[in-house]
Amino acid sequence: MNAIFYLWLIPLLPFAGFLFNGLLGRYLPKWLVTTVALLAPLAAFSMVLQISLGLSANQGALAALPFVHTCPFPWISVAALHIDFSFVLDQLSLVMLLVVTGVGFLIHIYSVGYMAHEEGYSRYFSYLNLFLFFMTVLVLAGNALLMFVGWEGVGLASYLLIGFYFQKDSGANAGKKAFIVNRIGDFGFLIGIFLLLANFGTLTFSEIAAKLASNPAWQGGVLTTIALCLLLGACGKSAQLPLYIWLPDAMEGPTPVSALIHAATMVTAGVYMIARTHVLFDHAPFALGVVAVIGAATALFAATIGLVQNDIKRVLAYSTISQLGYMFLGCGVAAYSAAIFHLMTHAFFKALLFLAAGSVIHAIGGEQDLRKMGGLWKKLPITFAVTTVGVLAIAGFFPFAGFFSKDAILYAAFVQGGSGRVLWFVGLLTALLTSFYMFRLWYLAFMGKPRSEGIHPHESPISMLGPLVILALLSIGGGWIGIERFAAYLSPSTGELHMESAIPHLELILSAVAVLVALLGWFIADQLYCRKPARPAQMAAALPGSYRLLANKYYVDEFYGATVVKPLLNISKYVLGWVVDVGILGGAAWLLAGIATFTGAILQRWQSGNLRSYAAWLAAGAAAVLLFVLVPWTTVWPVSMDLIGKVARH
């Protein structure tokens, strides 16, 4: 277990890859850039795997967690404020590290084939390594401030990756949109950090938990405010209502970026942060209820939009938003283990689906419109097979990974009773919609006849297919560990165990209902897109208002544009531009210029070149100096002031 003492190497290795390729990559052969880019995440994953296997073999070491690695030099020490640069390894961070480095490494491998002929190859991999560095810092952070460093870092790296094709306006705008929207959430996170410091005197998670444990009666109030501020940050990073709008536009980046950001890393940061700070939310039941409501609402809202999207990557983007809503729902009903369980399985099948979509796009020359695909299962048999696995997993069919994790969340909501039953129903309805739109994607892309001419599909290279096969296997077997065992493993970090119901076989009954709902979604998709393919167009024509509403994503972007973006642009243009810039700053500049011009005109007369004029000015100056030196001003001044006062009175 000596590897634990080198915990700092896990983030440092990807950072070294970023520096190497970022500074030297453009001058080096492609094979060397590739080698460095792959070795960095592989070495980090190997260390995490070694630690995990070592802990599994040594129950004593596992029970001794958390392990804290603190830098020997103080990070911030001002008066009573002392913040260490510390990493913490416990059951929760270990699971996240396995997901982040493992899935991240597979996406690196896939990128070698997908980005082989792209310009900026070394730049792309340097950004990818930088993203992994900041994400591992976020996961390992032992205090809120260090987590915020990783939090902002993944925001920066995602901006660079989403805007990788910055030559296109759409790519540059998508990167800016993601960056700006996340700043809104990050502002809430920052306020939460300030409130933590003001009320606890520390930002270390373990010390905050200890202070709350010593005062169990401390409920609500300022804790609710802190939790809601942290929730705002989580909504921005994990694309929840109302800050989800950046994620669909992030599809402008390369497809492997979509898999990395939308599957295993950035978008799950909000869920991880809530689970890490669960002691705060446990003492703020109102905030916990808000988390559940936002999660359920987002899950259903995004699923309805996914019903009619035609861009294959945007369907998966709205699916990601919806699945993240499930995770928030799990956290909101205090089933943190179920939420993290779904986070893990979602990383497998959503990375698989995005990379499989990338394989389809790669095979047909960059086309992303589902309406121009069809009949690809014969030409792309491996891609078709792994996509089928991903669709079955996300739809929640037994025995695929999504079945176990999604049902664990729905079960936890149901056994809450009361409002929990409403949340369960919303989650079940979302499962129906998810099954429908994912099988819609499956039918449109792979079944039927080809709907485009001049396209000659070809299977992807082994560097792309290899990660797809591995992720497919994980999507099949990733949930077999079971929620009971997973919750027991995470219980030292999350403080909760799997919930039991007084109703016999309730969990089995609810699972059967969920599978029947998934089958219903498949049946509807089969009827509309396989047996009666003309029906969707007829339904859209029969309900034009509803169809336009969904196709235009409820006009949320237009609403934000009219109520937020346009007023801010007008303020910038007219108030800041004309009043402040032109009026005040420009006026001040003109005034100063006028004073300088006027003064220069006076001084110019002194520089006449006439010796008699210079002599006169010299004499006048000498007289003034003598007057100042010889006259007793201490006497003259009071007398003069007294005389002026008398005149004024008369």
Side-chain angles (χ1 to χ4, degrees), residues 3 6-25 28 30-53 87 89 93-116 120-140 150 153-154 156-158 160-161 164 253-269 272 344 347-348 350-352 354-355 358 462-471 474:
Y6 298 98
L7 204 58
W8 53 273
L9 280 175
I10 295 173
L12 192 60
L13 288 166
F15 186 69
F18 156 71
L19 289 178
F20 184 86
N21 281 330
L23 296 175
L24 305 175
L28 300 174
K30 182 177 287 187
W31 68 266
L32 184 55
V33 171
T34 303
T35 301
V36 172
L38 294 184
L39 282 178
L42 175 60
F45 174 62
S46 299
M47 282 201 64
V48 176
L49 192 60
Q50 181 183 354
I51 292 172
S52 179
L53 293 175
F87 287 158
L89 182 72
S93 59
L94 186 57
V95 169
M96 282 295 295
L97 285 175
L98 285 169
V99 172
V100 169
T101 58
V103 177
F105 173 60
L106 293 176
I107 294 171
H108 276 70
I109 296 176
Y110 179 95
S111 298
V112 173
Y114 192 89
M115 302 294 291
Y121 185 82
S122 62
R123 175 168 59 89
Y124 170 81
F125 276 105
S126 67
Y127 292 165
L128 219 57
N129 284 173
L130 180 67
F131 195 103
L132 209 57
F133 160 70
F134 279 121
M135 192 65 200
T136 51
V137 169
L138 187 156
V139 170
L140 285 169
V154 294
L156 168 63
S158 66
L160 297 172
L161 286 167
F164 180 77
T255 300
V257 170
S258 301
L260 182 65
I261 294 175
H262 298 162
T265 54
M266 177 175 165
V267 293
T268 61
Y272 173 75
M344 181 186 73
F348 300 150
K350 186 51 65 66
L352 170 64
F354 266 114
L355 297 184
I462 188 64
S463 62
M464 296 171 63
L465 294 179
L468 286 174
V469 172
I470 295 173
L471 287 168
L474 291 171

(message) Restricting to non-hydrogen atoms, name the atom on P256 and the atom on S111 that form the minimum distance, rounded to 0.1 Å.
(response) CB-OG, 3.2 Å
(request) Return the set of residues passing side chain to side chain contact (heavy atoms under 4.5 Å, CB included) with L94 (not counting sequence neighbours), or none when no residue passes. (result) V48, I51, S52, L55, L89, Y489
(request) Drop me the distance from I107's CD1 to L128's CG, to the nearest 0.5 angstrom. (result) 7.5 Å
(request) Mind checking side chain to side chain contact (heavy atoms under 4.5 Å, CB included) for L24 and listing every partner two or more places apart, or none if nothing turns up? (result) F20, L28
(request) Check the angle between the aromatic planes of Y114 and Y110 and answer parallel, tilted or perpendicular using the 30° and 60° thresholds. (result) parallel
(request) Could you tell me which non-hydrogen atom of T101 sits nearest to which non-hydrogen atom of L97, and how far apart they are? (result) OG1-O, 2.6 Å
Cut-off 3.5 Å, no hydrogens considered: what does the side-chain donor-acceptor table look like for residues 131-139, sequence neighbours left out?
unit_1: T136; atom_1: OG1; unit_2: L132; atom_2: O; d: 3.0
unit_1: T136; atom_1: OG1; unit_2: F133; atom_2: O; d: 2.7

(request) Can you tell me which residue pairs pass the side-chain hydrogen bond (donor to acceptor under 3.5 Å, both in side chains) test with a partner in residues 34-48, sequence neighbours excluded? (result) T34-Y121
(request) Using the test ring pair (Phe, Tyr, Trp, His ring centres under 6.0 Å), find all partners of F164 that sit at least two apart in sequence or belong to another chain. (result) Y124
(request) Give the minimum heavy-atom separation between L13 and A44, together with the two atoms involved. (result) CD1-N, 3.9 Å
(message) To the nearest 0.5 Å, what is the distance between CE on M47 and CG on L42?
(response) 12.5 Å
(request) Flag the pair P41 / N129 as yes when at least one side-chain heavy-atom distance between them is below 4.5 Å, and no otherwise. (result) yes
(message) Please report the interatomic distance CE(M344) to CG(L474), rounded to the nearest 0.5 Å.
(response) 9.0 Å
(request) Could you list the residues that satisfy side chain to side chain contact (heavy atoms under 4.5 Å, CB included) with L49, not counting sequence neighbours? (result) F45, L53, L98
(message) Would you compute the distance between atom OG1 of T255 and atom CG of L260 and round it to the nearest 0.5 angstrom?
(response) 12.5 Å
(message) According to side chain to side chain donor-acceptor pair (under 3.5 Å), who are the partners of N21, at least two apart in sequence or on a separate chain?
(response) none
(request) Give the minimum heavy-atom separation between S463 and P467, together with the two atoms involved. (result) O-CD, 3.1 Å
(message) Under the rule for side chain to side chain donor-acceptor pair (under 3.5 Å), what residues qualify as partners of Y272, not counting sequence neighbours?
(response) R276
(request) For S93, check side chain to side chain donor-acceptor pair (under 3.5 Å) against everything at least two apart and list the hits. (result) D90
(message) Would you compute the distance between atom CD1 of I109 and atom CG of L468 and round it to the nearest 0.5 angstrom?
(response) 11.5 Å
(message) Please enumerate all residues that pass side chain to side chain donor-acceptor pair (under 3.5 Å) together with Y127, with sequence neighbours excluded.
(response) none
(message) With rounding to the nearest 0.5 angstrom, report the CZ to CG distance, F18 to L130.
(response) 4.5 Å
